[in-house]
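Values below: every heavy atom of this structure, side chains too, minus hydrogens, waters and symmetry copies. Just so you know, ligand 1 is whichever comes first in the structure, and atom 1 is the first atom listed for that ligand. Here the structure is a predicted model, which means the values were calculated and not measured.
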Amino acid sequence: MKFSVLAEAFGRMESTRKRTELTQHLVDLFEQTPHEVVARITYLMQGKLRPDFEGVELGVAEKLAIRAISKSSGIAAKNIEDEYRKEGDLGHAASEILSQKTQTTFMAQDITVERIYETLFKIARLEGSRSQDMKMKYISSLLNDASPPEAKYILKILLGTMRLGVAENTVMDALAARYTGDKANRRLLEHAYNVSSDLGRVAETVATGGLDAVKKFKMMLFNPVRPMLADRVKSQEEAVEKFGGEFAAEYKLDGERVQIHTGGGRVALFSRRLEDISAYYPDIIEKIPEIIDAGDAILEAEAVAVNENTGEFLPFQELMHRRRKYKIEKAVAEYPITVNFFDILYCDGASCLDMPYTDRRAMLERVVKSDEYARCIQMRKAGNSGEVQDFMEDSINAGSEGLMLKRLDSQYQAGSRGSNWLKLKREYQNDLGDSLDLVVIGGFFGRGRRTGSYGTLLLATYDIDGNVFTSICKVGTGFSDESLDQLYQILKPKVVIKKNPRVRSEMEPDVWFEPELVIEVVASEITLSPIHKAGLDTVRKGAGFALRFPKFTGKIRDEKGAEDASTNEEVATLYHGQKKVAHDKSLM
Ligand code: ATP
């Protein structure tokens with residue numbers, strides 16, 4: 001398949017933000033795509049080569065790309081840099097430079113998607129001392145044969161700046177429309193995606209085998225399942241009312257969610273964001289074959305840091321010491337953990353997702369051989385608020401952050417947040433009812449003691465419909481000197497010259513960031529504001545949601561991606577909840 005077809009389609013997609021138009025562009029693109037490249041196209045449109053959990057990273061630095069453009073075009077690196085500053089995007093700048101160039105060194109020959117993909121893959125695999133030179137060679141060989149628009153997208157993929165704004169759901173809409181003739185079949189594709197986290201595999205399945213193949217789509221060991229998430233409740237009474245009968249209450253431990261895959265002599269661990277985190281927990285990898293009494297299995301557990309002397313749970317932040325590439329053995333010894341299982345998704349060749357909670361829990365208890373290091377999370381059945389209250393107190397005393405309440409007959413709903421699981425946290429007793437996880441989109445330089453760091457951050461929610469990040473507040477409190485310093489180190493490399501097109505904000509911070517980092521914030525109230533864009537027009541025309549007295553809790557949510565941040569729908573629910581609370585109080 002000619003890469004020019006793809007580049008043209010990307011160009012059309014880039015010029016719209018409307019979901020229906022995007023979907024139509026995708027359908028048109030799939031019409032022109034041979035089945036054997038559907039998976040590759042699906043990855044490339046998201047700026048990837050493989051699903052995230054495989055960790056295939058291109059890792060090409062801007063400097064190297066500039067050198068490669070210079071080598072292929074004969075234009076001085078300095079001029080390319082100037083154009084880049086003007087455009088704010090190197091891919092775009094390269095395409096401008098190349099189209100202005102009249103000489104014929106840039107003979108556009110037909111390059112294929114297959115060739116681009118293969119070369120990008122080779123680049124991603126390169127390691128070691130000579131890798132930079134080799135990368136240069138590969139990149140300039142591609143650029144030599146690429147037309148300006150093709151060069152633009154090759155560079156965007158290489159640099160990780162593809163921002164077509166195509167959400168997974170839009171891709172699935174288009175796949176359903178193109179290969180099954182009905183967009184409504186997206187539901188079935190979604191199920192396949194939720195159990196595999198691999199959109200390319202889903203695309204290939206529906207393209208080659210149609211709806212039948214999608215219906216037979218199987219979970220696979222070492223393909224992570226997208227996690228089931230919980231709704232929040234503010235009180236035990238609310239939970240009892242929602243469930244209306246007996247339910248399970250489990251400790252909600254404050255650690256890291258780990259999805260454990262074991263079978264065929266291999267063990268792998270995936271995070272809540274489905275990244276392979278096996279390297280951070282060699283202790284879990286080593287012990288799983290002893291702990292798990294099954295041929296193969298996929299299980300979910302919370303890995304929690306503990307005080308070895310007292311056995312007490314320690315806060316989530318302690319686990320961050322494990323996030324290192326080197327000297328992991330030292331970190332394992334210094335920051336011991338326990339593994340607390342709470343679900344089983346697959347066992348001995350069969351999916352457990354459709355089993356009710358009670359059966360999955362019984363199976364989990366059978367399969368996990370408990371010891372000091374590993375056990376099933378504490379669980380008790382409850383049916384009234386007094387029982388929940390008692391168990392809540394136990395759980396808080398044991399160092400956990402509250403309870404997870406689960407419907408006894410509920411299946412495991414991969415990839416969705418629903419009311420079959422409810423979380424009740426101690427901190428929900430505050431005014432707002434919950435903390436929010438917000439994306440850092442901008443920074444204001446600090447003054448006085450905060451000189452040299454970002455004293456205030458501009459934060460955003462995730463808007464699912466538009467697949468954009470919408471400003472909701474500035475936060476300047478809750479930072480310790482240490483956290484200011486840490487945030488500065490994390491955020492500095494994320495500075496971009498121009499506001500990312502997926503960011504919606506009227507405020508002009510000193511610097512814009514790539515919307516990637518998620519931090520936790522509490523606030524006293526959600527108000528309406530003409531300045532912010534979160535949930536714009538939801539409650540009142542021209543007004544968005546804003547936070548009153550926002551405060552950073554100190555938690556950097558490493559395990560969350562920007563799309564996992566609090567959504568405008570969640571904020572709207574909290575907003576209406578607080579109004580109800582105010583109203584109820586006024587009646588008392
Ligand atoms: P939070 O901000 O509360 O951690 P979240 O958005 O990360 O929420 P939720 O689904 O809202 O995810 O909360 C569930 C999280 O709580 C899980 O991701 C998991 O890490 C953790 N957890 C702790 N104990 C349990 C348990 N018993 N069952 C399920 N999840 C648990």
Side-chain angles (χ1 to χ4, degrees), residues 224-234 239 247-260 269-275 277 299-305 313 315-317 319 337-345 357 360-361 364-365 368 375-382 388 391-392 394-396 398-408 410 412-428 430 432-439 461-462 518-522 553-567 569-571 573-574:
V225 177
R226 300 185 68 227
M228 175 165 176
L229 301 171
D231 259 351
R232 34 172 89 89
V233 279
K234 275 187 183 176
F247 51 89
E250 298 177 352
Y251 281 10
K252 183 179 194 306
L253 299 177
D254 187 17
E256 173 159 31
R257 186 172 190 156
V258 186
Q259 196 177 106
I260 303 171
L269 311 178
F270 298 98
S271 70
R272 184 186 182 287
R273 293 173 68 179
L274 311 176
E275 285 162 344
I277 46 168
L299 306 116
E300 281 201 307
E302 193 80 356
V304 188
F313 292 130
F316 158 82
Q317 279 85 339
L319 286 178
I337 56 166
T338 61
V339 182
N340 304 271
F341 291 90
F342 60 81
D343 222 317
I344 182 157
L345 315 186
Y357 168 87
R360 295 204 310 279
R361 174 77 195 195
L364 188 69
E365 287 175 9
V368 175
R375 72 188 136 195
C376 295
I377 236 163
Q378 286 84 342
M379 186 274 280
R380 188 185 291 171
K381 287 188 184 155
V388 180
F391 200 44
M392 179 76 160
D394 284 357
S395 102
I396 300 294
S400 94
E401 48 172 11
L403 294 178
M404 291 289 288
L405 308 172
K406 302 181 177 179
R407 206 184 276 280
L408 293 175
S410 67
Y412 188 97
Q413 288 158 320
S416 72
R417 193 182 288 282
S419 52
N420 286 332
W421 282 13
L422 299 174
K423 54 180 170 174
L424 178 63
K425 282 203 236 175
R426 185 177 35 172
E427 72 202 39
Y428 292 178
N430 75 17
L432 195 59
D434 197 6
S435 56
L436 292 170
D437 294 323
L438 301 173
V439 188
T461 47
Y462 177 51
V518 178
I519 64 171
E520 189 182 71
V521 166
V522 286
T553 63
K555 261 194 193 177
I556 296 175
R557 306 287 320 240
D558 280 302
E559 80 289 14
K560 284 199 172 182
E563 282 86 3
D564 299 315
S566 300
T567 63
E569 276 168 27
E570 291 175 64
V571 175
T573 310
L574 289 172

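- Between Tyr251 and Glu302 there is no side-chain heavy-atom pair separated by less than 4.5 Å.
- Between the side chains of Glu520 and Thr553, at least one donor N or O lies within less than 3.5 Å of an accepting N or O.
- When side chains are defined from C-beta on, Asn420 counts as touching Met228, because their heavy atoms get closer than 4.5 Å.
- With a heavy-atom cut-off of 4.0 Å, Leu229 touches ligand 1 through backbone and side chain alike.
- Taking every heavy atom of Ile377 and a limit of under 4.0 angstrom, the matching atoms of ligand 1 come to 24 (N), 27 (N).
- Using a 4.0 Å cut-off to heavy atoms of Lys560, the atoms of ligand 1 that qualify are 5 (P), 6 (O), 7 (O).
- Counting heavy atoms under 4.0 Å from ligand 1, residue Lys406 touches it through the side chain alone.
- In this comparison of Arg557, Arg257, Lys423, Glu300, the heavy atom closest to atom 4 (O) of ligand 1 sits on Arg557.
- Between the choices Glu250, Glu559, Arg272, the shortest heavy-atom distance to atom 12 (O) of ligand 1 belongs to Arg272.
- Comparing Glu302, Gln378, Met404 against atom 19 (C) of ligand 1, the shortest heavy-atom distance belongs to Glu302.
- Residue Lys425 approaches ligand 1 through these ligand atoms, each under 4.0 Å from one of its heavy atoms: 1 (P), 2 (O), 3 (O).
- The shortest side-chain heavy-atom distance between Tyr357 and Arg407 does not fall under the 4.5 Å cut-off.
- A salt bridge links Arg557 to Glu559: one of the charged nitrogens lies within less than 4.0 Å of a carboxylate oxygen.
- A heavy-atom distance below 4.5 Å is not found between the side chains of Ser395 and Lys252.
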